[in-house]
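Scroll down for the structure; my scribbles are underneath it.
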Amino acid sequence: MTANMDDSDQLDAAFAALANPTRRAILARLAQGEATVNTLAEPFDMSLPAVSKHIKVLEDAGLITRGRTAQFRPCTINAQPLKNVANWTDQYRHIWDARFDTMNHILSTMKEEKDE
């Protein structure tokens with residue numbers, strides 16, 4: 001992730017990276033702790049270079065960082081961009097809460113009418 005990336009660009013990059021199920025699975029694995037590229041590649045039926053491309057997208061979006069331990073470059077999740085995504089979606093929480101409340105009311109009314 002570039003240092004001059006503004007909030008909107010960071011959010012765009014995070015959403016683009018999260019749009020792919022392989023990248024979401026890599027993040028889920030990294031939520032358990034740091035891992036090498038080889039470890040991250042194990043569950044996938046794809047080449048190591050293909051997994052490395054996914055890791056590069058996550059890294060460019062700031063969702064992961066790569067360290068350096070001897071000859072290894074372990075990947076670690078960076079939660080800040082995920083927090084930014086959560087903060088952005090949270091501003092719409094009232095909309096889906098209201099819709100769920102309405103749906104719950106309709107279902108309750110239907111159940112009461114059926115029970116009568």
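Keep in mind it's a predicted model, so treat the numbers as computed, not measured.
- Considering all non-hydrogen atoms of both residues, Ala17 and Ala61 come closest at CB-CB, 4.0 Å.
- Atoms CG and CD, on Leu107 and Glu112 in that order, are 11.5 Å from each other to the nearest 0.5 Å.
- Of all heavy-atom pairs between Cys75 and Val37, the closest is SG-CG2, 4.4 Å.
- Taking CG of Leu58 as the reference point, atom NZ of Lys56 lies at 11.0 Å (rounded to 0.5 Å).
- With rounding to the nearest 0.5 Å, the separation of CZ in Phe15 from CD in Gln10 is 13.0 Å.
- Between Asn87 and Gln91, the side chains place no donor N or O within less than 3.5 Å of an acceptor N or O (distance only, hydrogens not considered).
- Residues satisfying the side chain to side chain donor-acceptor pair (under 3.5 Å) criterion with Arg29, sequence neighbours excluded, are absent altogether.
- A distance-only check finds no donor-acceptor pair linking the side chain of Arg23 to the backbone of Leu18 [under 3.5 Å].
- In this structure a side-chain-to-backbone donor-acceptor pair under 3.5 Å is present from Arg24 to Ala19.
- A search for salt bridge (charged side-chain N to carboxylate O under 4.0 Å, His left out) contacts involving Asp115 returns Lys111, not counting sequence neighbours.
- Looking at heavy atoms from C-beta onward, Asn84 lies out of side-chain contact with Asp7 at the 4.5 angstrom threshold.
- A side-chain contact (heavy atoms from CB on, under 4.5 Å) with Ile64 holds for exactly one of Thr76, Leu40, Leu27, Asn78; it is Leu27.
- Atom-to-atom distance recorded for His94:NE2 and Arg99:CZ is 9.5 Å, nearest 0.5 angstrom.
- Taken together through direct or relayed side-chain contacts under 4.5 Å among Ile, Leu, Val, Met, Phe, Trp and Tyr, Phe44 and Val57 form parts of separate hydrophobic clusters.
- Heavy-atom minimum distance, Ala35 versus Leu30: N-CD2, 3.8 Å.
- For the atom pair Trp96 CH2 and Thr89 OG1, the distance stands at 5.0 Å (nearest 0.5 Å).
- A distance of 8.0 Å separates CD1 in Ile26 from CG in Asn20, rounded to the nearest 0.5 Å.
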| said: For Met46 and His54: C-alpha separation, side-chain torsions, deciding distance, then whether side chain to side chain contact (heavy atoms under 4.5 Å, CB included) applies. | reply: CA-CA 11 Å; Met46 63 178 70; His54 285 294; 3.9 Å; yes
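- A donor-acceptor distance shorter than 3.5 angstrom exists from the side chain of Thr109 to the backbone of His105, with no hydrogens or angles considered.
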